[in-house]
Amino acid sequence: MVRTQAPPPPGAVGAPGSGQTGQTGKADPAAVGRILAAQPGTRSYLGTGSVAANFTGVAGATTVVAYQGDSSWGACQMVSGRWFTAPGEAVVADRFLKAAGVRVGDTVTLEHDGRGTPVRIVGEALSAGDSGTRVLMDERTLTRVGLAFRPDTFSVRLTAGTDRDRYLAALDTALGLGVFKALGMAPRQTVAMVLTTAGSVGAVAGLAGVPLGIALHGHVPPIMGEAAGTGIPHADLAVYHAPQIALLAVAGLAIAAGGALLPASWAARTRTAVALRTE
């Protein structure tokens with residue numbers, strides 16, 4: 001799941017209690033959707049976001065949670081009625097019904113900037129947030145009155161047999177070359193970002209691996225010599241000096257950056273969809 005603000009539906013990857021917090025950011029929702037669709041293990045996904053809106057008969061602004069995509073699998077627990085299935089339908093909680101003076105099956109009017117559209121209340125949810133005044137609906141209902149919608153949460157339903165932890169790990173990996181390109185980064189920016197990331201990993205590996213290798217060299221040959229019934233001359237153990245150590249440390253950085261240069265350059269030149277599928 002890619003989560004920035006609102007909570008995901010129950011049972012989704014990253015839902016409360018799952019221990020998964022998702023990825024936070026300001027990415028283009030369309031790009032995020034393409035990434036999720038291309039990720040192996042994704043059965044379906046939906047985006048949600050909140051906007052303030054006005055309804056006839058209700059004082060002040062009401063928070064509307066809009067859903068983008070098939071929301072049937074992310075429906076809230078219902079008290080009565082059903083979950084919305086089309087634009088022009090909404091699910092509310094008891095407090096909204098009382099504030100508007102309506103019942104399930106009645107119609108209210110969503111208003112914005114001098115425009116209005118009828119919204120039929122098809123169900124009452126057990127809890128809809130905002131002390132029971134939040135309204136849940138299809139995002140296409142908002143566009144009828146010109147309300148802008150931008151999903152800030154993407155919840156994912158996995159295919160059968162997909163391990164959630166492995167999926168999330170793979171999704172983090174996928175936030176690489178294809179994602180940089182999908183988010184609109186220029187070719188040079190894509191290459192620079194990948195090389196910086198790979199170089200950082202190489203630098204850490206070099207700084208940690210070189211001292212470990214030297215330490216092992218000081219312990220393993222004497223053990224091997226003892227097993228063979230011979231000693232090891234000090235000259236054969238003290239073979240590492242400052243210039244060599246520095247070169248070995250830098251080598252990790254160079255190898256990591258060099259290995260990432262070719263795929264980074266290829267991804268910077270190719271189309272976004274191809275880069276995503278390849279990852």
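On a predicted model such as this, the values are computed, not experimentally measured, just so you know.
- The backbone N or O of Arg134 sits nowhere less than 3.5 Å from a side-chain atom of Thr63 that would complete a donor-acceptor pair.
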For Thr117 and Thr109, run side chain to side chain contact (heavy atoms under 4.5 Å, CB included): C-alpha distance rounded to whole Å, both residues' side-chain angles, the deciding distance at 0.1 Å, then the answer.
-> CA-CA 6 Å; Thr117 187; Thr109 301; over 6 Å; no

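- For Pro151 against Gln68, the heavy-atom pair with the smallest separation is CG-OE1, 3.8 Å.
- Contact detail for Val104 and Ser80: the closest heavy-atom pair is CG2-OG, 3.8 Å.
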Evaluate the criterion side chain to side chain contact (heavy atoms under 4.5 Å, CB included) for residue pair Met137 and Val64; output intermediate values, then yes/no.
-> CA-CA 7 Å; Met137 63 175 59; Val64 173; 3.6 Å; yes

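- Residue Glu111 holds its CD atom at 5.5 Å from OG1 of Thr56, rounded to the nearest 0.5 Å.
- Between the CG atom of Leu136 and the CZ atom of Phe96 there is a distance of 10.5 Å, given to the nearest 0.5 Å.
- In this structure, the side chains of Leu97 and Val92 come closer than 4.5 Å at one or more pairs of heavy atoms.
- Nearest approach of Ala52 to Leu147, heavy atoms of both residues: O-CD2, 4.1 Å.
- Contact annotation: the side chain of Leu142 approaches that of Val51 to within less than 4.5 Å [non-hydrogen atoms, C-beta and beyond].
- The closest side-chain heavy-atom distance from Trp73 to Arg43 is not below 4.5 Å.
- Atom CD1 of Ile121 is separated from atom CZ of Phe55 by 8.0 Å, given to the nearest 0.5 angstrom.
- For the atom pair Asp152 CG and Ser50 OG, the distance stands at 6.0 Å (nearest 0.5 Å).
- Expressed to the nearest 0.5 Å, how far CZ of Arg150 lies from CD of Glu139 amounts to 13.5 Å.
- Note: Trp83 and Tyr67 meet the aromatic proximity criterion, with ring centroids under 6.0 Å apart.
- For the pair Asp113 and Arg115, the salt-bridge criterion is not met [side-chain N within less than 4.0 Å of a carboxylate O].
- A salt bridge links Glu89 and Arg82; the closest N-O separation between the charged side-chain nitrogens and carboxylate oxygens is under 4.0 Å.
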Report the C-alpha separation of Arg157 and Ser44 in whole Å, then their side-chain angles, then the decisive distance to 0.1 Å, and conclude whether the side-chain hydrogen bond (donor to acceptor under 3.5 Å, both in side chains) test is met.
-> CA-CA 5 Å; Arg157 181 168 56 164; Ser44 62; 3.2 Å; yes

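- Pro87 and Thr141 get closest at one heavy-atom pair: CA-OG1, 3.5 Å.
- Scanning all heavy atoms of the two residues, the minimum distance from Asp70 to Leu46 falls at O-CD2, 3.5 Å.
- Side chains of His112 and Leu110 form no contact here, defined as non-hydrogen atoms less than 4.5 Å apart.
- Here the CZ atom belonging to Phe154 is positioned 8.5 Å from the OG1 atom belonging to Thr48, to the nearest 0.5 angstrom.
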What do the steps show when you test Asp94 against Val79 for side chain to side chain contact (heavy atoms under 4.5 Å, CB included), and what is the final call?
-> CA-CA 9 Å; Asp94 180 68; Val79 175; over 6 Å; no

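- Shown here for Ala100 and Val108, the closest heavy-atom pair between the two residues is CB-CG1, 4.5 Å.
- In this structure, the side chains of Phe149 and Thr143 stay at 4.5 Å or more apart for every pair of heavy atoms.
- No side-chain heavy atom of Pro40 sits under 4.5 Å from any side-chain heavy atom of Tyr167.
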